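Below is one structure. I have some questions about it.
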Amino acid sequence: MIAVTAWDELPVVVTVAPTGAEVTRADNPALPHSPAEIAADVIASAEAGAAVCHLHVREDDGSPSSRRELFAEAIESIRERSPIITMVSTGGAVWMPMEERMTGLEAGPDLAGVETGSMNFGEDPFVTVPADARRVIERAREQGIGLEAEMFDVGHVVAGVRMLERGELPPPLRANLVFGVPGGIDASPEALEAMVRPLPEGTHWSITAVGRHQRRMLALAILRGAGGIRVGFEDGVFLRRGVLASSNTELVADAADLIRTLGRRVASIDEARELLSCPTRVATSP
Ligand code: KMH
Ligand code: ZN
């Protein structure tokens, strides 16, 4: 058991999101595409402090994919070399039908994301109606996969909490609060408070921030007692203004430095499993 007496003693879980669906090699040539490249980045990121990986997959040409085999291959090669917690996206890409967004659930991850609402994602609609969220949750529960709610605005937080209260979303609530996506909530101290306020006691909350305020938002969240932060090419390809990150690992190492600089510590994978109530899966092959 982790004996926690104060928020500043709580270790911070670092998640790496190595690929996403929107970023391209034109944005950063180091973007991993193949399952082997994704796995290599995840393993190196785990060594730099990541305890969770949030996975999307790509075809060889870099286009976002929903093929189960690609998820399975990535997860398998990660598990061969690291106990890092694996999480699949069910957000996919804006143009993916729900059926395709759900294929990662068939690849045996530890956790899966679930969107608790709809929004504009830049210029595109990004729609998850409640019935679709319930489908994701149901399939994840059938497979023994834990859930993390992906929340891009206050309404998504409120909807997720309601689902928890109604028993539709199983406890414990793991919430990833996302800031700065055009169409979602902004990246500001006030936005952080607004997103945290509806969360019930005992929620494990982490943050993701995109855009120029990314590092400041991560710092704010670390000082506000966040249970986790997320970095990686899905969320930003720059290390600093005008400086491209050389790899996902560099972004993770930088996030780990930030956590330590602000007086907290980085959660080990074992600690993250405990904090996220995420037991090691017995069946390791997807
Ligand atoms: N690619 C975005 C449209 C998630 O993974 O849950 C959705 C996304 C969120 O990346
Ligand atoms: Zn994602």
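Atoms within a ligand are numbered from 1 in the order they appear, just like the ligands themselves. Hydrogens, waters and symmetry mates are skipped; everything else that's a heavy atom, side chains included, is used. Model, not experiment: these values are computed from the prediction. Here, residue 1 is the first one in the sequence, and each next residue gets the next number.
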Distance filter under 4.0 Å to Ser89 heavy atoms, resulting ligand 1 atoms: 4 (C), 5 (O), 6 (O)
Nearest non-hydrogen protein atom, atom 10 (O) of ligand 1: Glu234 OE2, 2.9 Å
OG-CZ distance between Ser206 and Arg174, expressed to the nearest 0.5 angstrom: 11.0 Å
Atoms of ligand 1, numbered as shown, that sit under 4.0 Å from any heavy atom of Gly92: 1 (N), 2 (C), 3 (C), 7 (C)
Flag, side chain of Glu148 to backbone of Asn176, donor-acceptor distance under 3.5 Å: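 It does not hold such a pair.
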Polar contact flag for Glu22 and ligand 1 (N/O pairs, less than 3.5 Å):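 Looking only at distances, the answer is yes, because the N/O contact criterion of under 3.5 Å is met.
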Arg58 side-chain N/O to Pro64 backbone N/O, donor-acceptor pair under 3.5 Å: no
Pair Glu115, His156: side-chain N/O donor-acceptor within cut-off below 3.5 Å: no
Protein heavy atom at shortest distance from atom 7 (C) of ligand 1: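 Residue, atom and distance for the closest contact: Phe126 CZ, 3.5 Å.
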N/O separation below 3.5 Å, Thr90 to ligand 1: no
From Ile229 atom CD1 to Leu177 atom CG, the distance as rounded to the nearest 0.5 Å: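 It comes to 13.0 Å.
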Vertex the Zn ion (ligand 2), arms to His56 NE2 and Glu234 OE2, rounded to 10°: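 Output for this angle: 100°, rounded to tens.
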Any Gly113 heavy atom less than 4.0 Å to ligand 1: no
Distance-only donor-acceptor check, side chains Asp110 and Thr86, under 3.5 Å: yes
Short N/O/S contact of Glu150 with the Zn ion (ligand 2) (below 2.8 Å): no
CA sep, side-chain torsions, deciding dist, call: Ser246, Glu250, side chain to side chain donor-acceptor pair (under 3.5 Å): CA-CA 6 Å; Ser246 62; Glu250 189 175 27; 2.7 Å; yes
Atom 6 (O) of ligand 1: the protein heavy-atom neighbour that sits closest, reported with distance to 0.1 Å: Glu115 OE2, 2.6 Å
Which of the ligand 1 atoms, numbered from 1, are nearer than 4.0 Å to a heavy atom of Val94: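 Answer for ligand 1: 3 (C).
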Backbone N/O of Ser268 and side chain of Glu271: donor-acceptor pair under 3.5 Å: yes
Proximity flag Pro64 to ligand 1, non-hydrogen atoms under 4.0 Å: no
Donor-acceptor contact present, side-chain Glu106 to main-chain Thr103, <3.5 Å: no
Proximal ligand 1 atoms for Glu150, defined as those under 4.0 Å from one of its heavy atoms: 6 (O)
Gln143 side chain vs Arg139 backbone, donor-acceptor pair below 3.5 Å: no
Which residue and heavy atom of the protein sit nearest atom 9 (C) of ligand 1, plus the separation: Phe152 CZ, 3.8 Å
Those atoms of ligand 1 less than 4.0 Å from some heavy atom in Phe121: 2 (C), 3 (C)
